[in-house]
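Both backbone and side-chain heavy atoms feed into the values below; hydrogens, waters and symmetry mates do not. Computed from a predicted structure; not experimentally measured. Every chain is numbered from 1, with letters handed out A, B, ... down the list of sequences.
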Amino acid sequence: MIKVTKLDLSPLKTFGKTHYIAEITEKLEGEKVTLTGWVYRKREHGKLVFIILRDGTGTIQVTIHKDKVDERSFKDARKVSLESAVKLTGIVKRDPRAPGGVEIQATSFEIVSLAEPWPITKDAGKVFLLDMRHLHIRSFKVRTILYLRSEICRYMREFLHKKGFVEIHAPIIITAACEGGATLFPLKYFGRKAYLTQSAQLYEEAAITSLEKVYTIAPGFRSEKSRTRRHLTEFWMVECEIAFATHEDIMKLQEELVTYVCEKIVEEHEKELKEILNREFKPPTIPFERITYTEALDLLREKAGIELPWGEDFGAEAERELSKMFDQPFFVTHFPTVIRSFYHQPDPENPEVTLSSDLMAPEGYGELSSGGVRISDYDLLVKRIKEQNLPLESYSWYLDLRKYGIPPHAGFGIGIERLTAWICGLEHVRDTTLFPRTPSRVYP
RNA sequence: GCCGGUGUAGCUCAGCCCGGUAGAGCGGCGGGCUGUUAACCCGUAGGUCGUGGGUUCAAAUCCCACCACCGGCGCCA
């Protein structure tokens, strides 16, 4: 039997129910309870019908004997189809034959909403399940992932508020690229060109001059035909930006944040992780190892036989191999200036590299976050924008910030789907989303 | 955008090489069963074989084109 953990079930009970399934224990033996939910399994045995009832908190076996309920209840129980919404009343009974040792012996049973034959069967393939995503999200596996994603976000907010961060909401509709290179989704905006944002970062850089430490949990959009298990066209990030911060400051913050989230997940949800997602997960310990980009190239050459010229970004294989060399998250720092976005601050000691870092997950999961120090100097920023052939006029307000007292500042963005996929041990980031968006899928 | 693969019943697939009346399992529907654990037993319905063209007496099968999707690469969170 499945039971969720750490969910406060007391505050809201509706529709006449007396309990949620997770609350039904041996201690309630003999008590009369009313439950609502969905038919998860059904087995008919003539005068006896077994129903495994599911609600948002778990499952429990219900027995409906012909002789112990009224005629209409028994008729409903025989007729009811999988995933129909139902309401029932019965007595809690201990019975070793029941899964979990406790069952409900129904005294009445009522169909609230009769379902058509359920299209999802044990043979369903992954494409079909995505087509049926609106129905498949009822499964315990999907439910658990979506729930843990919610918890991951809650823990991130919890942590950031403890650290004095202010949550802001940056615009989703924008007029210019946040970074060069990546393609934006265009849209019509009353006769003008506008786009969907790919990052809140530039707006956060404005916000820190008011609120000092800000973060946002928001979607980003990339119109790239990426066909990988790490990309979606619509994805969510937690992005932090801090005034008067150094590169080391944001790396420390990231390792504390990620560790906090992982510890809380294991502390409060290890059972679901193990039993439903089959995931053995150990929270990382601080500090995370830091290696420079140049050291990473050496490691790849020595340990994986992958030879990359200095100044070239890691490919998928290199990133995966590097990721497998560690057993907990680690930072790769000081990426070459030529492969980083225009806003990254070059290292004053060696302008060939930037004060930037990617946080990498172990086990082949690869990049979780990307961050660094932003350029505060007006002239340098103009130079970098020109070097990357970006339209200067698009960035005029962003450049303007550099004229009006912007301090040294730094920030980072963590991919929520990637973090969730790593913690839950999933193969594909799309499995962490309610309705994934990929180049080939905008429906359902 | 590039490389590889797949497309046949509601679902998962076989049949294709070697052309000759379209198959299985699961699910559905009808019936039976008072202890099942994604029960079991009996019966039954269900198909423009991705689309278009070609070869042939005959095409799911051979040829050509196109489309859709999957896996990987590139791009990145």
Distance in angstrom units between I64(A) CD1 and U36(B) C1', rounded: 12 Å

Could you tell me whether the side chain of R384(A) and the main chain of T337(A) form a donor-acceptor pair under 3.5 Å? yes

Less than 4.5 Å apart, any side-chain heavy atom of F314(A) and any of L297(A)? yes

Does H45(A) make a side-chain donor-acceptor contact with the base of C40(B), cut-off 3.5 Å? no

When the distance from CZ of F140(A) to P of A38(B) is rounded to whole Å, what number comes out? 14 Å

Paired to C66(B) by Watson-Crick or G-U wobble criteria (both distances under 3.5 Å) is G50(B)

Expressed as a whole number of angstroms, how long is the span from L48(A):CG to A39(B):P? 13 Å

With sugar-phosphate meaning primed atoms plus P, OP1 and OP2, does G46(A) contact a base, only sugar-phosphate, or nothing at under 4.0 Å between heavy atoms? base

Position toward the 5' end of RNA chain B (nearest nucleotide), P117(A) or P96(A): P117(A)

Base-pairing mate for G19(B) - Watson-Crick or G-U, with both contacts under 3.5 Å: none

Counterpart base for G1(B), defined by Watson-Crick or G-U wobble contacts under 3.5 Å: C73(B)

Report each atom pair, protein N/O against N/O of nucleotides 22-26 of chain B, whose distance is under 3.5 angstrom.
from   : atom 1 : to      : atom 2 : distance (Å)
G25(B) : N2     : D123(A) : OD2    : 3.1

Run the side-chain donor-acceptor check on residues 120-128 of chain A: report pairs under 3.5 Å with partners two or more places apart or on a different chain.
none

May I ask you to check whether H269(A) and Y147(A) place their ring centres under 6.0 Å from each other? yes

Just how far, in rounded Å, is C1' of C76(B) from CD1 of I414(A)? 16 Å

Return yes if some donor-acceptor pair links the side-chain N/O of S81(A) with the main-chain N/O of A115(A) below 3.5 Å, else return no. yes

For F235(A) and A77(B), are the ring centres under 5.5 Å apart with planes inclined under 30°? yes

What salt bridge (Lys or Arg N to Asp or Glu O under 4.0 Å) pairs are there with at least one residue in residues 333-346 of chain A, not counting sequence neighbours? R340(A)-D358(A)

For RNA chain B, the residues among residues 311-338 of chain A that have a non-hydrogen atom under 4.0 Å from it: D313(A), G315(A), A316(A), E319(A), R320(A)

Any base atoms under 4.0 Å from F128(A), or only sugar-phosphate, or nothing? Heavy atoms, all strands. sugar-phosphate

Nearest to the R230(A) side chain among U37(B), U34(B), C73(B), which nucleotide is it? C73(B)

Nearest-neighbour nucleotide for the R43(A) side chain, A77(B), A38(B), U34(B) considered: A38(B)

Who is the Watson-Crick or G-U wobble partner of C26(B), with both distances under 3.5 Å? G10(B)

Just distance, no hydrogens or angles: give the donor-acceptor pairs under 3.5 Å from side chains in residues 86-94 of chain A, sequence neighbours left out.
from   : atom 1 : to     : atom 2 : distance (Å)
K87(A) : NZ     : F15(A) : O      : 3.1
T89(A) : OG1    : T34(A) : OG1    : 3.0
R94(A) : NE     : E29(A) : OE1    : 3.0
R94(A) : NH1    : E26(A) : OE1    : 3.3

Where do N or O atoms of nucleotides 66-71 of chain B meet protein N or O atoms at under 3.5 Å, pair by pair?
from   : atom 1 : to      : atom 2 : distance (Å)
C69(B) : OP1    : S440(A) : O      : 3.3
C70(B) : OP1    : S440(A) : OG     : 3.4
C70(B) : OP2    : R227(A) : NH1    : 3.2
C70(B) : OP2    : S440(A) : OG     : 2.9
G71(B) : OP1    : R430(A) : NH1    : 3.4
G71(B) : OP1    : R430(A) : NH2    : 2.9
G71(B) : OP2    : R227(A) : NH2    : 3.0
G71(B) : N7     : R227(A) : NE     : 3.3
G71(B) : N7     : R227(A) : NH2    : 3.0

Side-chain-base donor-acceptor pair under 3.5 Å for S226(A) and C75(B): yes

Pair D249(A) + K252(A): basic N to acidic O under 4.0 Å: no

Upstream residue (5' side of RNA chain B) when D95(A) and K42(A) are each assigned their closest nucleotide: D95(A)

Residue pairs passing the salt bridge (Lys or Arg N to Asp or Glu O under 4.0 Å) test with at least one member in residues 321-333 of chain A, sequence neighbours excluded, are E321(A)-K324(A)

Who pairs with H247(A) by side chain to side chain donor-acceptor pair (under 3.5 Å), at least two apart in sequence or on another chain? S357(A)

Assess whether a salt bridge exists between K264(A) and E151(A), defined as any Lys/Arg side-chain N lying under 4.0 Å from an Asp/Glu carboxylate O. no

To the nearest angstrom, how far is R97(A) atom CZ from A39(B) atom P? 17 Å

Roughly, in whole Å, what's the span from CD in Q61(A) to P in U36(B)? 10 Å

Taking F288(A)'s backbone N and O only, do any of them form a donor-acceptor pair with R290(A)'s side chain (distance below 3.5 Å, no angle check)? yes

Please set out all donor-acceptor pairs under 3.5 angstrom arising from side-chain atoms of residues 415-422 of chain A, sequence neighbours excluded.
from    : atom 1 : to      : atom 2 : distance (Å)
E417(A) : OE1    : W236(A) : N      : 3.0
E417(A) : OE2    : R149(A) : NH1    : 3.3
E417(A) : OE2    : R149(A) : NH2    : 3.2
E417(A) : OE2    : W236(A) : N      : 3.1
R418(A) : NE     : R230(A) : O      : 3.2
R418(A) : NH1    : E367(A) : O      : 3.2
R418(A) : NH2    : R230(A) : O      : 3.1
T420(A) : OG1    : I416(A) : O      : 2.7
W422(A) : NE1    : E363(A) : OE2    : 3.1

Within the modelled atom types, does a donor on one side and an acceptor on the other bring the side chain of E44(A) and the base of U36(B) under 3.5 Å apart? no

Kindly give the atom pairs (protein nitrogen or oxygen, nucleotide nitrogen or oxygen) under 3.5 Å for nucleotides 41-47 of chain B.
none

So E116(A), base contact, sugar-phosphate only, or nothing? Heavy-atom distance under 4.0 Å. nothing

C75(B) and U8(B), which share atom name P, separated by this distance in whole Å: 35 Å

Just call it for L232(A): base, sugar-phosphate, or nothing, with non-hydrogen atoms closer than 4.0 Å on any strand. base

Could you check whether G125(A) gets within reach of a base, just the sugar-phosphate, or nothing at all, counting any heavy atom under 4.0 Å? sugar-phosphate

From the set C76(B), G35(B), C11(B), return the single nucleotide nearest to any side-chain atom of R222(A). C76(B)

May I have all residue pairs that pass ring-ring contact (aromatic ring centres under 6.0 Å, His included) and include part of residues 26-72 of chain A, sequence neighbours excluded? Y40(A)-F140(A), H45(A)-F50(A)

Any salt bridge (Lys or Arg N to Asp or Glu O under 4.0 Å) pairs touching residues 51-68 of chain A, not counting sequence neighbours? R54(A)-E83(A)

Please check: side-chain N/O of S223(A) versus main-chain N/O of T183(A), any donor-acceptor pairing under 3.5 Å? no

Gap between atoms CD and P, on Q198(A) and A77(B) respectively (whole Å): 9 Å

Would the base of C76(B) count as contacting R418(A) through its side chain, where contact means a donor and an acceptor less than 3.5 Å apart? yes

Quick one: Y40(A) OH to A38(B) C1', roughly how many Å, whole number? 8 Å

Distance between the C1' atoms of U21(B) and G15(B), in whole angstroms? 15 Å

